[in-house]
Amino acid sequence: SKSLVVAIDGPSGSGKSSTSRGVADRLSLAYLDTGAMYRAMTWALLERRVDLQDPDAIAKAADDVRLTSGTDPLDPTIHVDGIDVAGPIRGDDVTGSVSLVAAVPHVREMLVDLQRETIAQSDGIVVEGRDIGSTVAPDAPVKIYLVADPAARAARRAAETGASDTAATELALARRDEIDSTRAASPLAKADDAVVVDGTHLTLEEVIDTIVGIVDAAR
Ligand code: C5P
């Protein structure tokens with residue numbers, strides 16, 4: 001039988017990563033964090049001093065970057081040219097410029113190809129991102145669009161990063177969502193057939209339970 005693909009998309013800070021890892025762990029599926037891939041590409045380009053205001057320079061330099069993603073939900077690794085970048089890709093410099101890199105069509109083509117290879121090689125996988133249900137895996141039998149109120153997303157993200165200014169965090173999330181949802185190349189969008197899950201008033205366990213229920217009903 002065809003292996004199961006669960007697509008989980010949504011805006012920044014909606015709890016996609018913890019949720020997706022939890023769902024994959026509960027269902028013994030692999031896990032792919034596509035945001036980490038765009039972040040790792042951004043880290044590599046910053047290391048190479050590429051001008052991130054220049055889409056042509058980004059596209060050219062991106063060809064030489066070799067990304068590898070581990071798919072264990074309990075230990076999702078990410079390497080650039082063999083270097084473990086799991087820590088550095090969460091830094092403010094990467095977070096502040098990743099949306100510029102992710103808007104470049106050639107970068108998206110490269111990473112979507114890698115993502116589809118990983119999906120094809122897996123034996124069932126949860127894939128999280130912005131365009132999984134719409135572009136990367138349009139045939140996925142389960143598509144979730146995970147949302148939460150901006151204030152709840154900012155509070156969650158501030159708690160993760162240790163930031164004390166949740167208003168600034170909320171503004172930064174809103175800026176990133178604005179760029180991600182207005183770019184020309186596969187913008188952040190709910191697929192027509194995605195199920196919206198609103199995590200604003202739910203605990204992490206409740207969101208995981210909800211999605212596991214949707215997956216069980218679909219297979
Ligand atoms: O999910 P995360 O916040 O780590 O994603 C970082 C950035 O990567 C997003 O803000 C977006 O610009 C980009 N991204 C994307 N498409 C995906 C996943 C992430 O454009 N499928």
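Counting starts at 1 for both ligands and their atoms, in listed order. Here the structure is a predicted model, which is why all the values come from computation and not from measurement.
When only non-hydrogen protein atoms are considered, atom 6 (C) of ligand 1 lies nearest to R176 NH1, 3.5 Å. What sits closest to atom 2 (P) of ligand 1 on the protein, heavy atoms only, is R130 NH2, 3.5 Å. The nearest heavy-atom contact from the protein to atom 13 (C) of ligand 1 is A102 CB, 3.7 Å. Closest protein heavy atom to atom 18 (C) of ligand 1: T34 OG1, 3.4 Å. Nearest protein neighbour of atom 19 (C) of ligand 1, counting heavy atoms only, is G35 CA, 3.5 Å. Considering only non-hydrogen protein atoms, atom 14 (N) of ligand 1 sits nearest to Y38 CD1, 3.6 Å. Considering only non-hydrogen protein atoms, atom 4 (O) of ligand 1 sits nearest to R39 NE, 2.6 Å.
In this structure, R183 is part of the shell of residues with a heavy atom less than 4.0 angstrom from ligand 1. Taking 4.0 Å as the cut-off, Q115 does not count as a neighbour of ligand 1 on heavy-atom distance.
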Candidate pair E178 and R175, rule salt bridge (Lys or Arg N to Asp or Glu O under 4.0 Å), full reasoning: CA-CA 5 Å; E178 168 71 13; R175 283 218 184 93; over 6 Å; no

Which is it for D64 and R48 under the salt bridge (Lys or Arg N to Asp or Glu O under 4.0 Å) test, yes or no, and what are the steps along the way? CA-CA 11 Å; D64 295 330; R48 289 160 201 219; 5.1 Å; no

What verdict does the salt bridge (Lys or Arg N to Asp or Glu O under 4.0 Å) test give for R183 and D180, after you've listed the backbone C-alpha separation in whole Å, the side-chain angles of each residue and the deciding distance to 0.1 Å? CA-CA 6 Å; R183 69 177 175 230; D180 290 342; 3.6 Å; yes

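Checked against D33 for a salt bridge (Lys or Arg N to Asp or Glu O under 4.0 Å), the options R90, R21, R130 give a single hit: R90.
Residue M41 does not touch ligand 1, judged by heavy-atom distances below 4.0 Å. With a 4.0 Å heavy-atom cut-off, ligand 1 is reached by the side chain of R108 but not by its N, CA, C or O.
The hydrophobic cluster containing V5 does not contain I214, counting ILVMFWY residues as joined when their side-chain heavy atoms lie under 4.5 angstrom apart, directly or transitively.
Annotation for ligand 1: atoms under 4.0 Å from non-hydrogen atoms of S99 are 10 (O), 12 (O). For ligand 1, the atoms lying closer than 4.0 Å to a non-hydrogen atom of D131 are 16 (N), 17 (C), 21 (N). Counting atoms of ligand 1 from 1 in the listed order, those under 4.0 Å from a heavy atom of D180 are 9 (C), 10 (O), 11 (C), 12 (O).
When all heavy atoms of A7 and A140 are compared, the pair lying nearest together is CB-CB, 4.3 Å.
Checked for salt-bridge contact, R153 and D177 meet the test: a charged N lies under 4.0 Å from a carboxylate O.
Side chains of D123 and S3: a donor-acceptor N/O pair is absent below 3.5 angstrom, by distance only.
To the nearest 0.5 Å, the span separating CG on L100 from CG on D54 amounts to 11.5 Å.
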